[in-house]
Amino acid sequence: MRLQRLPESFYHQQTLDLARAMLGKILIKETAVGTAAGRIVETEAYIGPGDQAAHSYGNRRTKRTEVMFGPPGHVYTYVMHTHCLFNVVSGREGRPEAVLVRAVEPYLGKELMYERRGLHHKETNLTSGPGKLTKALGITMEDYGLPVYQSVPFIAEGSSPENISEGTRIGIPNSGEAKDFPWRFWETDNPFVSRGR
DNA sequence: ATCGGGATACGCT
DNA sequence: GCGTATCCCGATT
């Protein structure tokens, strides 16, 4: 199947809608050593400034969060400890919102993913987590700020999920009321989802 | 179940 | 500067 890049207009929708709409799409990163791609199977919405779990909570604007305040469709990568996490900015300019990609299902370049992640992994362990998939796909801080509708990495049309489940987000125990918001979405029963299938 | 860690940001000293 | 927390992972108990 030819990978058809999604247009800028795709990113102009409500963040919760975008988080659902991104399920089933293909995330592609082409590099000098080859191309790797995964089908998105799990996402989370972060809707600052009212979302205590978001980096942009309270309109906190720093060098790190700056891109979230710009127009939608740009890459927001950030590093937590040793891991790089990949988000797509959503929300109109001035609204610091984003969708975190938490898991993908290997689609292209599986060999490359094994090289990057280590050969001893089970396939379901290659990309079933936000830090794992960036390593497998080769996404780094160099991608920060790039427009996914006309750059690399990019997102392409894929295949719609059979069913979508939703639940609370992962790893945000100290976020007050926000920790209970059902802003995580995943393809029901997909084995590559990070948890909570 | 626990722990440490390559980055970033904050509040305090 | 340092201590602490963070949208996590992997190795170890």
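Numbered from 1 within each chain, the chains take letters A, B, ... in sequence-line order.
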- First of A:Met68 and A:Arg117 reached from the 5' end of DNA chain C, by closest nucleotide: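 Mapping each residue to its closest nucleotide by heavy atoms, the 5'-most match is A:Met68.
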Does anything in [range] reach DNA chain C, meaning a heavy atom under 4.0 Å, and if so which residues?
{"range": "residues 34-57 of chain A", "result": "A:Tyr46, A:Ala53, A:Ala54, A:His55"}
{"range": "residues 72-90 of chain A", "result": "A:Tyr78, A:Met80, A:His81, A:His83, A:Leu85, A:Asn87"}
{"range": "residues 93-100 of chain A", "result": "A:Leu100"}

- side-chain contact (heavy atoms from CB on, under 4.5 Å), paired with A:Pro161, selected from A:Leu23, A:Val41, A:Ile40, A:Asn190: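 Per the side-chain contact (heavy atoms from CB on, under 4.5 Å) rule, the option paired with A:Pro161 is A:Leu23, out of A:Leu23, A:Val41, A:Ile40, A:Asn190.
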- Mind checking who shares a hydrophobic cluster with A:Ile170, ILVMFWY linked at side-chain heavy-atom distances under 4.5 Å?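 Joined to A:Ile170, directly or through intermediates: none.
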Looking at side-chain heavy atoms only, is the closest gap between [X] and [Y] below 4.5 Å?
{"X": "A:Trp183", "Y": "A:Ile172", "value": "no"}
{"X": "A:Arg169", "Y": "A:Tyr46", "value": "yes"}
{"X": "A:Leu108", "Y": "A:Ile28", "value": "no"}

Donor-acceptor under 3.5 Å ([X] side chain, [Y] main chain):
{"X": "A:Tyr144", "Y": "A:Val67", "value": "yes"}
{"X": "A:Gln52", "Y": "A:Tyr57", "value": "no"}
{"X": "A:Ser194", "Y": "A:Ala103", "value": "no"}
{"X": "A:Thr134", "Y": "A:His83", "value": "no"}

- Task: Under 4.0 Å between any heavy atoms, over every strand shown, what does A:Lys132 touch: base, sugar-phosphate, or nothing? Just pick one.
- Result: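 Sugar-phosphate: the residue A:Lys132, judged by heavy atoms under 4.0 Å, touches backbone atoms but no base.
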- Task: Using a heavy-atom cut-off of under 4.0 Å over every strand shown, decide if A:Arg169 touches base, sugar-phosphate, or nothing.
- Result: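 If one applies the 4.0 Å heavy-atom cut-off, A:Arg169 turns out to touch nothing in the nucleic acid.
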Listed pairs under 3.5 Å, donor-acceptor, residues 7-17 of chain A side chains, sequence neighbours left out:
residue, atom, partner, partner atom, Å
A:Gln13, NE2, A:Phe10, O, 2.9
A:Thr15, OG1, A:Ser90, OG, 2.5
A:Thr15, OG1, A:Glu97, OE1, 2.5

- Base-paired stems that DNA chain B participates in, counting runs of 3 or more Watson-Crick or G-U pairs under 3.5 Å: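 Correct response: B:1-5 with C:8-12, B:7-12 with C:1-6.
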Name all residues meeting the side chain to side chain donor-acceptor pair (under 3.5 Å) criterion together with [X]; count only those two or more places apart in sequence or in a different chain, and write none if there are none.
{"X": "A:Thr31", "result": "A:Arg116"}
{"X": "A:Lys110", "result": "A:Glu123"}
{"X": "A:Asn125", "result": "A:His121, A:Lys132"}
{"X": "A:Arg5", "result": "none"}

- Query: First and last nucleotide of DNA chain B touching chain A, 5' to 3', heavy-atom cut-off 4.0 Å?
  - Reply: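 The contacted stretch runs from B:dG5 to B:dC10.
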- Query: Would A:Glu166 and A:Arg184 count as a salt bridge (Lys or Arg N to Asp or Glu O under 4.0 Å) if you check the C-alpha gap in whole Å, the side-chain angles of each, and the deciding distance to 0.1 Å?
  - Reply: CA-CA 5 Å; A:Glu166 61 178 62; A:Arg184 182 165 74 102; over 6 Å; no
- Message: Regarding A:Arg39 and A:Ser159, do their side chains bring together a donor and an acceptor under 3.5 Å, going by distance alone?
- Response: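 Their side chains do contain a donor-acceptor pair, which is all the 3.5 Å distance test asks for.
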- Short N-O contact, A:Arg61 and A:Glu66, less than 4.0 angstrom: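 A salt bridge is present here (some side-chain N lies under 4.0 Å from a carboxylate O).
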- C1'-based separation of B:dA1 from C:dC7 [nearest Å]: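 So the two C1' atoms sit 22 Å from each other.
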- Any idea how A:Tyr76 and A:Tyr78 line up, ring-wise: parallel (<30°), tilted (30 to 60°), or perpendicular (>60°)?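 Geometry flag for A:Tyr78 against A:Tyr76: parallel rings.
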- Query: Taking 5' to 3' order, which nucleotide of DNA chain C is first and which is last to have an atom within less than 4.0 Å of a heavy atom in chain A?
  - Reply: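 Using the under 4.0 Å cut-off, the span is C:dT6 to C:dG10.
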